[in-house]
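First comes the structure, then the notes that go with it.
Remember, predicted model here, so these are calculated numbers, not experimental data.
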Amino acid sequence: PAPLPMSEKKLKQTTLPFGKARASHSGGSGGSGSKRSPDADAEKRSKYFKEKDARHTRSHDMEHKDKEEHDDRERGKGHSRHDSKEKDKEPTHHESRAKSPTRSRSEAKEEKEEPRLRERSSSPAAAAAPVSIPDKFAAKNLPAPKDYRMQPTPPVQVAKDHYVLFDPTPPIRALKHTADKWDSEHVKMPHSKQSTIETSRNHIRDRWVVIKEALQQPMSSSLDIEDCIFSYNSHYKRKWNLRGLHTFFTDVATSEEKNRFFKRILPGMVKLALKLPELCPVSIPLLESHTGCMALSLTQLQIACLMCHAFFCTFPRRNATGPKSEYSSYPSINFNRLYSSSSSRCHPVLAAKLRCLMEYFDRVTTKKPPGVVTFQRVWVPDQVDWVDSDCTFCKMRCCADGTIEDDGRCMLQVDFANKFIGGGVLGHGAVQEEIRFLINPELIISRLFLEKLAEDECCIITGAERYSDYTGYSDTFRWKRAHHDKTPRDTFERIKTQIVAIDALVFSSFRAQLDKQKLDRELHKAYCGFRVPPSSAKKTPTTPVATGNWGCGAFGGHKLLKALIQLMACSEAHRAMVYFTFQDVELCEQLSEIHTQLIENGITVGQMYQFLTNFKQVFKHTDLFTFVMKSIKGEAMSVVASDNDSNEATDTEPPTPDKPDDSFEYDMDSDMLAEVAGIEASIACAESERHEHRDRHGHRHHSSDDGEGDADTARRHKHGGKEKADDDDNDDEKSKKKEEDSDGSETEGARKRGKEKDTGHHKK
């Protein structure tokens, strides 16, 4: 807060910097000797301190504003996922805590720590003021889902490329036959006959028997859950750390949450987990890389059962994480890493994750979920010829507010994925993909059977239900309340929600993103996710793609470049695109303006591809938006040509020391050139004097150059005759040899002195 003005009493006691505080009497040192009015002094003092307080207040406000801008820049590294309207409606965390009559010591500690966590947030909208969104960029004006139909999906029926692990004939029920497979093409299940465990007494037991015994033990605290997990994972008892789970229930969870979990949710989870042999009698096939467009359909009840086993960490062979482990190319599925914590307190993000999962388990154990979820791995080996593409650009709509999951209903919703699907959802991550997997927890089970994505693959998931609402992003991510999904279902009881997972490359610089190979990779990855499935090639889909700043957070992608790449991929796939910028109005304006010019000028995807490849030559001198706009109007080629001329000298590499290039000229001003010319003249004069001195005293210098002392020289002059003549001949031969070496002949001496010559050349 701004400092308060001083009291009148303190003003009278303060020494003023502009002269004496008291009025001068006549005859004193007051100058003219006239008496100054006390009222005038008081008025002057009051005016001075008011101006001082005003300056101090302005300085304080400017410092506070600069700090806020600095914090916003630090937080601006991630995406903005916070809905400002919802933030205005909902009470803050401190307000809700203030309404509570009693608070535990841990809650007070968490409240004290939360401002620091908010400052570290990577979301600029988490602490920034609400952004003013123009009506043309508002998500409320999007077309209703009834205005377009859903993308065609593979029917739920057994086929060569579609595994259906239940009887699809209504009513949906589990298969009656069993098929227990323990090989490299199927998930190794906890209830498999081949799954065994070695006890502490070197006794081999059936793993499923041990799991059942552990689950049937009463559990009333997180310590009981830990004992249950380590009873069949004894090898990891000293390696795993479940401190995060313990601190959540002891320090964070309310008494109501504890009672609800341990008295209602956890017994229901145990009951559902014990039904695994009944619900999943057939081993689950692995969706391996480069095996074509393979699909796998599971009921929501089967997924709930498998999720319970992930909670209890029962899946065998999935705990080793080394590069040579059996499932090194698959993401983790057991929840042990989620429960870990390096701190003595539960991080608020971990608490939010556990609350999302608690809400999911509460719903699926209370009421049997009726639907089906399909996981499809898509492989597109054929590359698109982007240079010769004659496709015109599709329709596009930019939204500065709204989110993909809230405002992209019944669209193809993009998951900004990691190649290991789910990313850090079972770790410490809480960005776009992790948040989506937490509010739609059925997506997490894809980590059980989906191998990491290759450069030309994606994954499309149909039918995942949403169970939670949230606020914040990254460090400010919080569970908000339960969400009841009202999205309609298709004829196979799948919710009409389609999510496509495409993984972007990680970049450390903008220049690397303009490389042709990297550009082609990102274009093809987006096209893999947006293209029409082969089974529906004759049906032109009208479902738009709901996407946003793909790969622009921790992956370092350029927002406008990534938006143009996705726009090109959508146009090649003949789809419309709805782009959410997450409060970035400037990006909305730029992308909309570019799209308008592309449509009005009839620019094709191939021409746009050429624009992006040309931009690499001038990216240091102009920004992408300006260059693309000039390229559309035909004004950018002159910029490229002039830049090529100017770069002929600057792009030339300096001469190497081994091969000096006399034609190379450094860029120097006139004063520096004059100084160099003077130095060269001095060097030439010194060389001339040295040669003259050498000609006058040749014999003495030659002998001294050969390493002989003054005594040897005197001896030669004393004896004279043949010895002196021989020495003269030797000196002549040595001088000739030196001259040959100085001319660059390939002698041993020249090779030894090459380094000294080059050093002298560069010194000159």
| Is there side-chain contact between Q413 and V545, with heavy atoms separated by less than 4.5 Å? | no
| Y330 and L448: CA distance, side-chain angles, deciding distance, side-chain contact (heavy atoms from CB on, under 4.5 Å) verdict | CA-CA 8 Å; Y330 289 80; L448 178 64; over 6 Å; no
| field | Heavy-atom check, side chain of I603 versus side chain of F611, under 4.5 Å | value | yes
| task | For the residue pair R478 and Y470, establish whether any side-chain heavy-atom pair is separated by less than 4.5 Å. | result | no
| request: Could you tell me whether the side chain of T471 reaches within less than 4.5 Å of the side chain of T476, counting heavy atoms only? | output: no
| Using the benzene-type ring in the case of Trp, are the ring centres of F627 and F619 under 6.0 Å apart? | no
| query | Do you know which two heavy atoms are closest between V380 and C528, and how far apart they sit? | reply | CB-SG, 3.7 Å
| field | Cation-pi check, R318 onto Y327 ring (under 6.0 Å, within 45° of axis) | value | yes
| message | With a 4.0 Å cut-off on N to O distance, would you call R377 and E288 a salt bridge? | response | no
| request: Find out whether E405 and I499 are in side-chain contact, i.e. whether some heavy atom of one side chain is under 4.5 Å from a heavy atom of the other. | output: no
| task | Assign the ring pair F416 / F582 to parallel, tilted or perpendicular, where the plane angle (0 to 90°) is split at 30° and 60°. | result | perpendicular
| Do S289 and K452 come close enough that some side-chain heavy atom pair is under 4.5 Å? | no
| field | Heavy-atom pair with the smallest gap, counting every atom of V578 and C399 | value | CG1-SG, 4.2 Å
| request: Measure across S571 and C394 and return the closest heavy-atom pair with its distance rounded to 0.1 Å. | output: OG-N, 3.0 Å
| Nearest heavy atoms of V425 and I444, plus distance in Å | CG2-CD1, 4.2 Å
| task | Before accepting this row, confirm whether a basic side-chain N of the pair D406/R466 lies closer than 4.0 Å to the acidic partner's carboxylate O. | result | yes
| query | Mind checking what makes salt bridge (charged side-chain N to carboxylate O under 4.0 Å, His left out) contact with K525, not counting sequence neighbours? | reply | D503
| request: Establish, from distance only, whether the side-chain atoms of D520 and W386 form a donor-acceptor pair under 3.5 Å. | output: no
| said: For E586, I'd like to know if atom CD has over 12 heavy atoms of other residues, nucleotides or ligands within 6.0 Å. | reply: no
| field | Inter-residue atom distance L567.CG - R575.CZ, 0.5 Å rounding | value | 14.0 Å
| said: Less than 4.5 Å apart, side chain to side chain, heavy atoms only: is that true for M629 and I594? | reply: yes
| Going by atom types only, do Y579 and N549 share a side-chain donor-acceptor pair under 3.5 Å? | yes
| What do you reckon, is NZ of K616 surrounded by more than 12 foreign heavy atoms closer than 6.0 Å? | yes
| task | State, yes or no, whether a side-chain contact exists between L412 and P544 at a heavy-atom distance under 4.5 Å. | result | no
